[in-house]
Amino acid sequence: MNAVIKSPHLRQDFAASLVVFLVALPLCVGVAVASGVPAELGLVTGIVGGIVAGLMPGSSLQVSGPAAGLTVLVFEAVRQFGLPALGVLVLAAGLLQLLMGAFKLGRWFRAISVSVVEGMLAGIGLVIIAGQLYAAAGLKAPASGIDKIVGLPGALVRAVGSAEALASLGLGAATIAVMVLWERMPKRARTVPGALAAVLLATLASLAFGLPVATVEVQGLLGAIQPPGADAFGQLAQPAVLGTILAFALIASAESLFSAAAVDRLHDGPRTEYDKELMAQGAGNTVCGLLGALPMTAVIVRSSANVQAGAKTKASRVLHGVWLLLFAALLPSVLKLIPLPALAGILVYAGWKLIPFRQVVLLWTAYRGEALILVVTAVSIVAVNMFEGVLIGLALSVAKTAWQASHVKLEVIDKGAGPVQAYLSGNATFLRLPKILGSLEALPQDRPVELDLSGLHHVDHACRTALEDWAERHSAADTAPVRVTAP
């Protein structure tokens with residue numbers, strides 16, 4: 001902490017920390033409410049992300065806290081296992097991240113297909129949008145992603161028939177409109193973050209016109225903190241709990257390290273040390289788990305705001321955590337004034353930003369296989385759940401890579417007399433074995449064959465055995481033995 005205080009760039013970092021605090025405040029509260037937990041727990045995670053993860057080495061300008069990307073997973077976990085179990089899930093995920101960082105696995109997250117990650121974010125964005133549209137109307141959302149989307153027309157009909165629902169929906173729509181228009185405001189006006197401006201305007205409108213909308217429920221910072229008890233630790237024996245822990249750890253790690261790569265492109269300062277950053281995320285989640293709070297990840301919105309505000313060192317992200325702590329300790333009653341539809345509007349906007357429309361178009365133009373992986377991953381997350389959807393995307397990515405790596409070419413030259421010449425090049429694997437054998441077996445049985453394998457980079461055992469069997473069968477058909485040039 002002394003290094004932070006003695007920072008030679010303290011003036012720039014101090015100013016940047018205030019900007020990041022104003023960006024983080026409504027997002028911390030909104031993510032917590034959307035996750036089905038007390039609003040204060042979002043602030044706790046933001047505080048830990050700033051002070052604990054912020055002090056640790058890894059990425060100097062990246063800012064951590066509760067993220068919209070984990071909202072769907074957290075909501076499902078709380079619904080399935082209960083709020084008391086959340087601390088255990090986050091604690092175990094944090095310890096797993098620490099272990100992965102100690103074994104230097106952080107750099108390997110960069111090997112995950114970008115299409116899978118963008119598909120994951122798109123699927124999360126769709127589920128967030130669908131779920132928060134219900135919240136904007138003051139209605140309860142169905143449990144599954146598919147039911148959320150299918151039920152939207154019926155929800156709209158119910159909202160039209162209720163004055164309260166219409167007022168709530170109107171306030172949520174106005175919040176989204178303010179955030180969209182805020183991006184087109186003069187640069188001086190955009191010194192105030194759009195999310196904060198939208199929440200402030202929605203709160204003032206709600207109070208001025210006495211709108212019949214629900215507001216944030218507040219129970220105090222200490223009242224919201226629930227360290228996990230013995231009963232919660234007992235749930236670790238359930239396979240479903242272990243799967244959720246793995247999902248927390250892997251998805252939070254991937255999102256954090258991809259965010260780090262993006263932040264590195266925004267500044268010319270020290271580059272991210274991925275294994276150390278993974279351990280910083282693990283330490284933060286361990287503390288969040290002990291406090292019963294939300295899981296944390298690095299968040300690109302806050303991180304980019306930090307860089308654009310002129311931050312030079314980690315002091316800015318640590319100070320933003322301090323400001324969150326002071327707000328939560330001294331002004332918790334202010335949260336009671338915030339309308340829930342305004343937070344829903346912020347998250348609908350955040351969910352829209354997660355969907356990479358431009359990347360899908362670009363991928364479809366140049367790499368249709370990658371575009372297909374992105375879309376299938378997103379649809380799987382909506383149709384099944386986030387963890388299994390990501391696994392489906394990863395499996396597709398691996399299958400596509402294996403198929404491309406097994407590319408093989410067979411060229412046949414038949415001059416009408418003499419031996420038929422067959423040239424194989426590329427990688428001969430079992431994946432292309434049917435194609436290879438089909439072409440070879442179509443060669444004339446009454447002619448000698450010269451099979452040249454010198455152009456092959458790799459021949460697996462299945463292919464080698466099949467080629468030897470084919471050569472033996474062809475040689476037995478009263479012709480000269482097949483002449484094989486080995487690779």
Side-chain angles (χ1 to χ4, degrees), residues 108 110-120 122-123 359-381 383-384 387-487:
W108 289 99
R110 288 181 289 176
I112 298 175
S113 167
V114 175
S115 298
V116 174
V117 175
E118 290 183 337
M120 176 189 78
Q359 285 85 338
V360 172
V361 174
L362 292 175
L363 283 175
W364 185 255
T365 304
Y367 306 98
R368 293 196 174 182
E370 295 295 326
L372 184 63
I373 291 172
L374 190 158
V375 172
V376 169
T377 303
V379 172
S380 299
I381 287 172
V384 190
F387 186 47
E388 293 179 14
V390 170
L391 290 181
I392 290 170
L394 288 173
L396 272 179
S397 181
V398 171
K400 173 181 171 292
T401 302
W403 185 257
Q404 289 178 330
S406 65
H407 176 74
V408 68
K409 180 182 179 182
L410 175 62
E411 183 180 3
V412 177
I413 299 176
D414 185 357
K415 298 179 180 179
V420 177
Q421 298 171 320
Y423 297 89
L424 268 174
S425 59
N427 296 290
T429 69
F430 70 94
L431 292 171
R432 299 299 175 100
L433 194 52
K435 175 184 177 181
I436 297 171
L437 289 179
S439 299
L440 291 176
E441 288 169 352
L443 297 178
Q445 290 287 334
D446 57 349
R447 301 270 298 283
V449 174
E450 294 178 355
L451 180 59
D452 189 344
L453 306 181
S454 60
L456 290 176
H457 305 300
H458 171 73
V459 185
D460 68 10
H461 178 69
C463 250
R464 186 180 295 275
T465 303
L467 289 173
E468 290 171 353
D469 291 344
W470 170 82
E472 185 177 345
R473 290 195 309 273
H474 191 91
S475 300
D478 298 326
T479 62
V482 175
R483 290 178 55 190
V484 179
T485 302

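Basis for what follows: all heavy atoms, side chains included, without hydrogens, waters or symmetry-related copies.
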Output side-chain donor-acceptor pairs under 3.5 Å for residues 419-437, partner residues at least two apart or in another chain, one line each.
unit_1, atom_1, unit_2, atom_2, d
Asn427, ND2, Ala405, O, 2.9
Thr429, OG1, Leu431, N, 3.4
Arg432, NH2, Trp403, O, 3.0

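- Annotation for Ser380 and Gly389: closest pair CB-CA, 3.7 Å, computed over non-hydrogen atoms.
- Rounded to the nearest 0.5 angstrom, Leu391 CG and Thr377 OG1 are separated by 10.0 Å.
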Check the pair Ile381 / Val390 against side chain to side chain contact (heavy atoms under 4.5 Å, CB included), numbers first and verdict last. CA-CA 7 Å; Ile381 287 172; Val390 170; 4.3 Å; yes
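- Annotation: side-chain hydrogen bond (donor to acceptor under 3.5 Å, both in side chains) contacts involving residues 393-402, sequence neighbours excluded, comprise Glu370-Lys400, Lys400-Gln404.
- Nearest heavy atom pair, residue Ile373 against residue Gly393, reads CG2-O, 3.9 Å.
- Put simply, the side chain of Arg464 never gets that close to the backbone of Asp460: no donor and acceptor are under 3.5 Å apart.
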I'd like to know whether Leu396 forms a side chain to side chain contact (heavy atoms under 4.5 Å, CB included) with Leu372, so could you lay out the CA-CA distance, the side-chain angles of the two residues, the decisive distance to 0.1 Å, and finally the verdict. CA-CA 9 Å; Leu396 272 179; Leu372 184 63; 5.9 Å; no
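- Side-chain contact between Val482 and Val484 is present, with at least one heavy-atom pair separated by less than 4.5 Å.
- Rounding to the nearest 0.5 Å places CG of Asp446 at 8.0 Å from NE2 of His474.
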Report the C-alpha separation of Leu440 and Leu443 in whole Å, then their side-chain angles, then the decisive distance to 0.1 Å, and conclude whether the side chain to side chain contact (heavy atoms under 4.5 Å, CB included) test is met. CA-CA 5 Å; Leu440 291 176; Leu443 297 178; 4.1 Å; yes
Between Leu363 and Ser115, is a side chain to side chain contact (heavy atoms under 4.5 Å, CB included) present by the stated rule, with each step listed? CA-CA 9 Å; Leu363 283 175; Ser115 298; 3.9 Å; yes
